[in-house]
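The structure appears below as structure tokens.
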Amino acid sequence: MKKLENKLKTSPQLPLISVMTALGLLSLAAFLVSLSFGRYGIPLPQLMQILFGKLFGLTPTWPDTLEKVLFNVRIPRILCAMMVGAALAGSGAAYQGVFKNPMVSPDILGASAGAGFGAAFAILNNYNIIGIELTAFLFGIAAVALTYFLGQAIGRNMNAVLILVLTGMVVQSLFAAFTSVIKYEADPNNKLPEITFWLMGGLTSSTQKQVWMMIFPILTGLAILFLLRWKINILSFGDEEAKALGIDTLKIRVILIMASTLLTSAAIAISGMIGWVGLIIPHLARLIVGPNYKVLLPASVLMGAVFLLLVDDVARTVLVTEIPLSILTAIIGAPFFIYLLFKGRSSWE
């Protein structure tokens with residue numbers, strides 16, 4: 001126990017209030033900039049006039065087109081981007097702590113591939129948004145459970161971390177193959193384009209209805225992680241320490257995995273497949289605030305929200321046609337992952 005306390009005390013870095021204040025201000029700034037930024041630009045003074053006018057019920061003195069763009073298109077999309085980024089980063093940070101492996105993410109363990117297959121199956125069968133989310137959640141849970149139990153069965157007396165990663169890659173490939181079967185069977189003039197575009201990731205179809213429908217599962221998943229984040233500290237240090245403190249490691253792991261997979265599947269239901277966020281953002285947060293999940297988890301959530309919002313700003317403005325988010329996150333994430341491979345475990349220890 002003393003070793004755990006020393007590790008957390010000597011982890012750098014900044015107090016929780018300072019970190020959260022800085023990240024909160026950064027999130028607010030990114031939100032306001034994104035509101036005014038786009039193909040249909042809205043100057044910041046006019047943006048504030050519209051927002052305050054709607055808030056206090058003032059008589060409109062601005063074009064009706066600006067109001068429709070702002071409230072029907074831009075705000076729902078920005079909120080969706082922030083929710084998806086927060087969900088993916090929070091689940092990625094939790095996975096890394098639960099499995100004691102800084103290289104773990106929802107992508108590597110198969111949660112994204114499983115949830116992706118579930119959503120593609122739901123789209124093929126004309127499910128509504130609730131059906132898509134529920135199916136994605138169930139298959140995401142199934143994929144992670146399959147990875148974990150296969151890793152436990154195969155990894156006895158072996159390198160558990162390596163076996164877990166390799167097993168996750170196999171499960172990910174398996175569900176990706178199932179998704180390919182769905183695409184092969186889909187109507188090429190109707191369902192196939194919808195599934196293919198969705199798999200590439202994007203927030204083009206974000207609506208107010210999606211925002212309201214996704215708030216509950218995302219807040220539920222994040223609330224569970226926040227309430228249990230001190231136990232992630234203990235799990236990340238080892239099962240023996242956790243059991244010595246009376247922690248039921250199996251029960252806590254199951255709860256944390258389900259909450260993280262709920263976040264992943266809810267994010268996928270909104271945006272499709274977006275990789276790398278759950279891997280690189282927790283590492284960036286760890287470099288700033290250290291490995292203590294009391295600060296690391298909320299920092300990861302806020303950084304994930306800002307990161308994906310800024311990536312989405314680039315995706316919808318840099319070219320004439322919108323760039324799928326998975327392309328941009330891979331361009332950023334792949335070099336960062338190579339850096340992590342060179343650096344090894346030093347950032348974790």
Side-chain angles (χ1 to χ4, degrees), residues 17-89 129 197-198 200-216 218-219 222 266-267 269-272 274 277 281 284 298-329 331-332:
I17 295 178
S18 300
V19 172
M20 300 309 295
T21 300
L23 290 177
L25 293 174
L26 179 62
S27 302
L28 179 61
F31 180 81
L32 292 175
V33 169
S34 299
L35 284 178
S36 60
F37 188 68
R39 299 187 188 281
Y40 199 95
I42 304 176
L44 189 59
Q46 193 170 35
L47 171 65
M48 301 307 296
Q49 181 187 18
I50 296 173
L51 293 177
F52 280 107
K54 294 293 290 185
L55 181 63
F56 296 106
L58 303 179
T59 302
T61 58
W62 52 83
D64 185 58
T65 304
L66 287 181
E67 183 176 328
K68 290 181 178 178
V69 168
L70 185 61
F71 288 97
N72 296 338
V73 178
R74 196 158 294 172
I75 289 180
R77 177 161 183 160
I78 289 172
L79 292 177
C80 283
M82 298 186 78
M83 286 194 300
V84 170
L88 293 176
I129 185 64
F197 182 77
W198 175 85
M200 296 178 71
L203 296 166
T204 306
S205 59
S206 300
T207 62
Q208 294 179 4
K209 184 178 180 181
Q210 276 190 323
V211 172
W212 288 111
M213 295 189 70
M214 293 300 107
I215 281 179
F216 178 74
I218 288 178
L219 289 182
L222 288 176
I270 298 176
S271 63
I274 300 176
V277 178
I281 296 302
L284 291 176
S300 297
V301 167
L302 284 177
M303 289 178 66
V306 173
F307 171 76
L308 197 63
L309 177 57
L310 297 179
V311 170
D312 185 57
D313 288 343
V314 174
R316 61 188 172 90
T317 57
V318 70
L319 296 178
V320 176
T321 57
E322 185 170 318
I323 304 173
L325 292 179
S326 60
I327 294 176
L328 293 177
T329 55
I331 290 173
I332 298 171

Qualifying residues under side-chain contact (heavy atoms from CB on, under 4.5 Å), relative to [X], sequence neighbours excluded:
X    : result
V73  : none
T207 : K209, Q210
T317 : F37
L47  : L35, S36, I42, L44, L51, L70

Problem set entry | Separation of M200 CE from L325 CG (nearest 0.5 Å) | 10.5 Å
For this session: Starting at CG of L28, measure out to CG of L32 and round the result to the nearest 0.5 Å.
Result: 4.5 Å
Could you tell me which non-hydrogen atom of [X] sits nearest to which non-hydrogen atom of [Y], and how far apart they are?
X    : Y    : value
A266 : I218 : CB-CG1, 3.9 Å
V277 : I274 : CG2-CG2, 4.1 Å
C80  : L203 : CB-CD2, 4.1 Å
N72  : P76  : O-CG, 3.8 Å

Name each donor-acceptor pair under 3.5 Å that joins a side chain in residues 299-312 to protein atoms two or more places apart or in another chain, with its distance.
unit_1 : atom_1 : unit_2 : atom_2 : d
S300   : OG     : L296   : O      : 2.8
D312   : OD1    : R77    : NE     : 3.3
D312   : OD1    : R77    : NH2    : 2.8
D312   : OD2    : R77    : NE     : 2.9

Problem set entry | side chain to side chain contact (heavy atoms under 4.5 Å, CB included) between V84 and M214, intermediate numbers included | CA-CA 9 Å; V84 170; M214 293 300 107; over 6 Å; no
With sequence neighbours left out, what residues match [X] under side chain to side chain donor-acceptor pair (under 3.5 Å)?
X   : value
R74 : none
S34 : D313
Q49 : T61
E67 : K54, W62

